[in-house]
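These figures come from a predicted structure and were not determined experimentally. Sequence lines set the chain letters: A, B, ... in the order given, protein chains first and strands last, and positions in each chain run from 1.
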2 protein chains.
Amino acid sequence: MGDEKLDKRNSILEVAEELFSELGFDATTTRLIAKKADVNIAMLNYYFGGKEGLYLAILEKHIAANHSRLQTINSDNISSFDKLNKFIDGYVDHMQRSCAVQKLMYMEMSISIRNRISEHIVGMLSKNLIEIKKIISDGVANGSFAQVDAEMLIASMFGTKVYLINASPMASLLFKGSTDAQELLTDDVVQRLKDHYKKMFKLYLSK
Amino acid sequence: MGDEKLDKRNSILEVAEELFSELGFDATTTRLIAKKADVNIAMLNYYFGGKEGLYLAILEKHIAANHSRLQTINSDNISSFDKLNKFIDGYVDHMQRSCAVQKLMYMEMSISIRNRISEHIVGMLSKNLIEIKKIISDGVANGSFAQVDAEMLIASMFGTKVYLINASPMASLLFKGSTDAQELLTDDVVQRLKDHYKKMFKLYLSK
DNA sequence: CAAAATTAATTAATCGATTGATTAACTTTT
DNA sequence: AAAAGTTAATCAATCGATTAATTAATTTTG
C-alpha cells in the first residue's frame with residue numbers, strides 16, 4: 001500500500017468538504033467528519049489544529065489548485081470578446097469541477113462572526129472579480145465594448161452561478177420541476193450556462 | 001401604554017430576524033436573542049415553541065405581509081413587456097424592504113438537514129418563480145418575446161439579487177471597493193438594479 | 001361590585017445532550 | 001529510542017429546552 005498517513009489526511013479533507021458544503025460550517029460536527037472519514041476525532045485536531053483549521057485547509061487546497069488557472073487569460077493578445085469567452089469557458093468548467101467548495105464558500109462568507117474565514121474567502125474570490133472587471137474596463141477603454149453598468153453585469157454573472165449552486169432547491173425547481181437533490185450541474189446545464197453567459201455579455205457589451 | 005405583551009413577542013421576532021440574517025440559524029443562540037430582546041429565554045419557547053418555531057414564525061410573518069403583493073400583476077391587460085417592468089419594480093422594492101428575511105431564507109434553504117424549513121422557504125419563493133415564468137412563457141406564446149433560454153434568464157434575475165444580498169462582502173467590494181458592512185442597497189443601487197433588470201429582459205426578449 | 005378561581009405571562013434555576021478540544025497512554029514508523 | 005501517528009476517555013463550555021415557582025391579567029362566582 002502507499003502512504004496511508006496521507007490517505008487519512010486526505011480522507012478527512014474530502015469528507016469535510018462534502019459535509020461543510022451540505023450542512024454548513026456550524027451544523028457539521030467534528031464527530032460526524034471523523035465518523036464518515038473512519039478516523040479518530042483527535043486526528044482532525046492533530047492534522048489541522050481544529051475545526052476552523054480544517055475549514056481553512058480546504059480553502060487553501062482550493063487556492064493552490066487554481067492558482068495558475070487565472071493568470072494566463074489577460075496576457076493573450078486577443079480581442080476583448082475573445083478574452084471574455086475564454087474566461088467564461090474556464091470559469092464555468094472550474095465551477096462544475098469544484099462546486100462543493102464554491103457552495104461552502106458562499107454559504108459562510110456573509111456570516112459576520114467568521115471574520116478570519118470571511119477574509120480568506122473574499123480574498124480568493126476577489127481575484128476572479130478583479131480579472132473580469134479588468135477585461136471589461138479594458139474593452140470599454142479600447143472601444144470594443146459599449147459603456148454599461150459593469151458592476152451590475154458582473155453581479156449578474158456571479159449571481160447566476162451562486163443561484164445555481166447555493167440556491168439549488170430553487171434552481172432544481174426551475175430546471176427540473178422538482179426539488180430533489182439530484183445533480184443539477186449536468187453537462188447539458190453547463191453548456192446552457194456557457195451559452196447564456198456569452199449571449200449576456202454580447203448583448204450588453206455590443207456597440 | 002399599549003399592549004406590552006405583544007411588544008415582547010414582536011421584540012423577539014425583530015431581534016431574531018436581525019440575528020438570523022446576520023449569523024445564520026445555527027450560530028444564532030436562543031440566549032443571544034433573549035438577551036438582545038431583553039427577554040427571558042423561556043419566553044422564546046413560550047411564544048414560539050422553540051428556536052425552529054421562532055424561525056418559522058418569521059417566515060410566516062413574511063408570507064402574510066406579502067401574500068397580496070403578488071396576485072395583481074398578471075391579471076392586468078397590458079403588454080408582456082409592461083408586465084415585466086411592473087414585476088421588476090415591485091420585486092426590487094420588496095427586496096429592499098425585506099432584505100434581512102430574504103438573506104436568511106437563502107442562507108438556510110440549501111442546508112440538507114433543515115427539511116421543514118427548506119420546504120417552507122422553497123414554497124414561498126416558488127411563487128415569484130412561477131409568476132415570472134408565466135409572464136415570459138405567455139409573452140413568447142403571443143409573439144411579444146423572442147424565444148430564449150428562459151430558465152437561465154430567470155436564474156440570472158434571481159441570482160443577481162442573491163449575489164447583492166447574500167454575497168454582500170463581494171458585492172460591497174464590487175460596488176464600493178471595500179468590504180465594510182455598511183448598507184449596500186442604497187436608493188442609488190436599487191435604481192441601478194431596476195434599470196439593469198429592465199435592460200436585461202429587453203435585450204434578451206426583444207425580437 | 002368584590003372576592004375567588006382560573007388563565008396567561010414571566011422569572012430564575014437547571015436539565016440532559018452535544019459541542020470542539022485535549023489529555024495521557026499506546027502503537028507504529030524512522 | 002526518538003518521532004510521528006493513533007486511540008479511548010474525558011474536559012469544560014455551551015447548546016436548546018424545561019422545570020417549578022411567582023406575578024399579572026382575566027374570568028367566574030357569590
Take the protein atom CZ of F48(B) and the nucleotide atom P of dA17(D), then report the distance between them rounded to whole Å.
-> 13 Å
Looking at V122(B) and M109(B), what are the two nearest heavy atoms and their distance?
-> CG2-CG, 4.1 Å
I33(B) CD1 to dA17(D) C1': how many Å, rounded?
-> 13 Å
Heavy-atom distance under 4.5 Å between the side chains of F48(B) and R9(B), does that happen here?
-> yes
Nearest-angstrom distance from the residue atom NZ of K8(A) to C1' of dT6(D) | 6 Å
K35(A) NZ to dT19(C) P, in whole Å, measures 11 Å
Whole-Å distance between dG5(D) P and I12(A) CD1?
-> 12 Å
Side-chain contact test, heavy atoms from C-beta onward, threshold under 4.5 Å: evaluate it for L193(B) versus T160(B) and give yes or no.
-> yes
Rounded distance [0.5 Å steps], CD in E52(B) versus CZ in F25(B) | 5.5 Å
To the side chain of Y47(A), which of dG20(C), dA8(C), dG5(D) is closest?
-> dG5(D)
Does F158(B) reach the side chain of N128(B), with side-chain heavy atoms less than 4.5 Å apart?
-> yes
Residues of residues 38-45 of chain B with a heavy atom under 4.0 Å from any atom of DNA chain C, listed by number, are N40(B), A42(B), M43(B)
Hey, is the main chain of M95(A) close enough, under 3.5 Å, to the side chain of S98(A) for a donor-acceptor pair?
-> no
For residues 104-129 of chain A, which residue pairs qualify under ring pair (Phe, Tyr, Trp, His ring centres under 6.0 Å), counting only residues two or more places apart or in two chains?
-> none
What residues 21-32 of chain B contributes to the DNA chain D interface at heavy-atom separation below 4.0 Å is T28(B), T29(B), T30(B), R31(B)
What is the ring orientation for F87(B) with Y91(B), classed by angle as parallel under 30°, tilted 30 to 60°, or perpendicular over 60°?
-> parallel
Could you state the atom-to-atom distance from OH of Y46(A) to P of dT6(D) in whole Å?
-> 8 Å
